[in-house]
Amino acid sequence: MKKGVMRPGHVQIRVLDMDEALKHYTDLLGLIETDRDDHGRVYLKAWTEVDKFSVVLRPAEEPGMDFMAFKVVDEASLQQLEKDLADHGVEVEQVPEGELKDCGRRVRFNAPSGHTFELYADKKYTGKWGITEVNPEAWPRGLDGMKAVRFDHCLLYGPELAATYDLFVNVLGFYLAEQVLDGDGTRIAQFLTLSTKAHDIAFIHHEEKGKFHHASFYLETWEDVLRAADLISMTDTSIDIGPTRHGLTHGKTIYFFDPSGNRNEVFCGGDYNYPDHKPVTWQAEQLGKAIFYHDRVLNERFLTVLT
Amino acid sequence: MGIGCQVTNRTTGDSFTCTEGQSVLKAMEQWGVKCVPVGCRGGGCGFCKIRVVEGEYECGKMSRAHAPPEAIEQGEVLACRVYPVTDLTIECLEPSAPGETSEQTTTRALR
């Protein structure tokens, strides 16, 4: 967080059918609808999140991710980051306050991987959902489905990982928590963080620019992941793989798809890092085990099915 | 064999029954047949693209990137979003350019 970029703030996901999507993200994942706007977008949050929204669904003819945003500690840091981005040769677009409801101005830019990112400092603080700010209970009643705790990270597929690393580490102040290196020492996967989490954003090398692999949501326990798997079967939701464990991050996980084909993950556990830790390295020849620790074999779909 | 439409893949020779309201891909998976690649099952990724050469069907929503109107005109659709109205004959498509790109990418990345 050395440059003032604090944490993942929101992700805007394109969906083909809003009613189906909303049912998936609320009834199954357990997110809470907090608002809608004139563009047909629906705003959602997970219950422990303190700001008004973290997931925005936008009706579109092609699924995928519009952008992911990170929250910055304050306006002064945002102004400095804007300058730093410009000095780095990154074209910056201004998105005015209120373009997303109850969100302050956003600074939008493209990464060399072909993905769009945003920085912002202000969003309406609504507090954790369903519990009081003072003397809070352990959890709120009335949560649905998987009862997702928070929007945690995205994994994105695209080219130019080295240039993307340069932008995220040297300009935005992320650090490298985990990586996969091929035989030549070229990084083909990079897990970057602002915090002690194993990733706040991750990239895997792919020729085509700007592809969306998944948006991930945090659950507390392995039992919750198994319960999520039960719910995926009960609702006949399209499953990708799991429940299983990753080698990378060692998180316990299950992957599935929303009704428009965007991949979601729910996971628990995983390793912690501090900036003084050496990055954890996996070798490309162990990629099967790095991604699926139990099967130790890659599921082709995990590498190629993207929106 | 219950009531339903017969789907025949003329590329592979596989045949299976699709019940009312069931997509071609869903029926294929349920019968344990593996003649069309399975991706997201949501009309989003384009993995299960096929060509319908004979028969009538309805389509659910599909990503315009993988099933643009001109492709749909030619019967090139995503099996996860194809709901047969009559018996269907389908065929596999040659992998499209983006699919080839990603395969090469993966292979390169894994080496």
Non-hydrogen atoms of B:Lys61 and A:Asp17 that approach each other most closely: NZ-OD2, 3.9 Å
Would you indicate whether B:Tyr83, at its atom OH, is surrounded by more than 12 heavy atoms from other residues, nucleotides or ligands within a distance under 6.0 Å? yes
B:Gly44 backbone acceptor or donor facing A:Ser260 side chain under 3.5 Å: no
Value rounded to 0.5 Å, distance of OG1 in A:Thr237 from CZ in B:Arg41: 10.5 Å
Can you confirm whether B:Lys26 is buried at NZ, in the sense that more than 12 heavy atoms of other residues, nucleotides or ligands lie under 6.0 Å from that atom? no
Shortest non-hydrogen separation from B:Gly39 to A:Phe257 and the atoms involved: O-CE1, 3.8 Å
Within the supplied structure, the quantity of interest is the number of heavy atoms (other residues, nucleotides, ligands) at a distance under 6.0 Å from B:Glu70 CD; does it exceed 12? yes
Taking every heavy-atom pair that is under 4.5 Å apart, which of A:Gly288, A:Pro159, A:Pro259, A:Ala60 has the most such pairs with chain B? A:Pro259
Heavy-atom pairs under 4.5 Å with chain B - which of A:Ile204, A:Ile239, A:Asp184 has more of them than the others? A:Ile239
Most heavy-atom pairs under 4.5 angstrom with chain A, which of B:Cys40, B:Ala67, B:Gly42? B:Cys40
Do you know which of B:Ser63, B:Cys80, B:Ala65 has the most heavy-atom pairs with chain A at a distance under 4.5 angstrom? B:Ser63
With rounding to the nearest 0.5 angstrom, report the CD to NE2 distance, A:Glu62 to B:His66. 6.5 Å
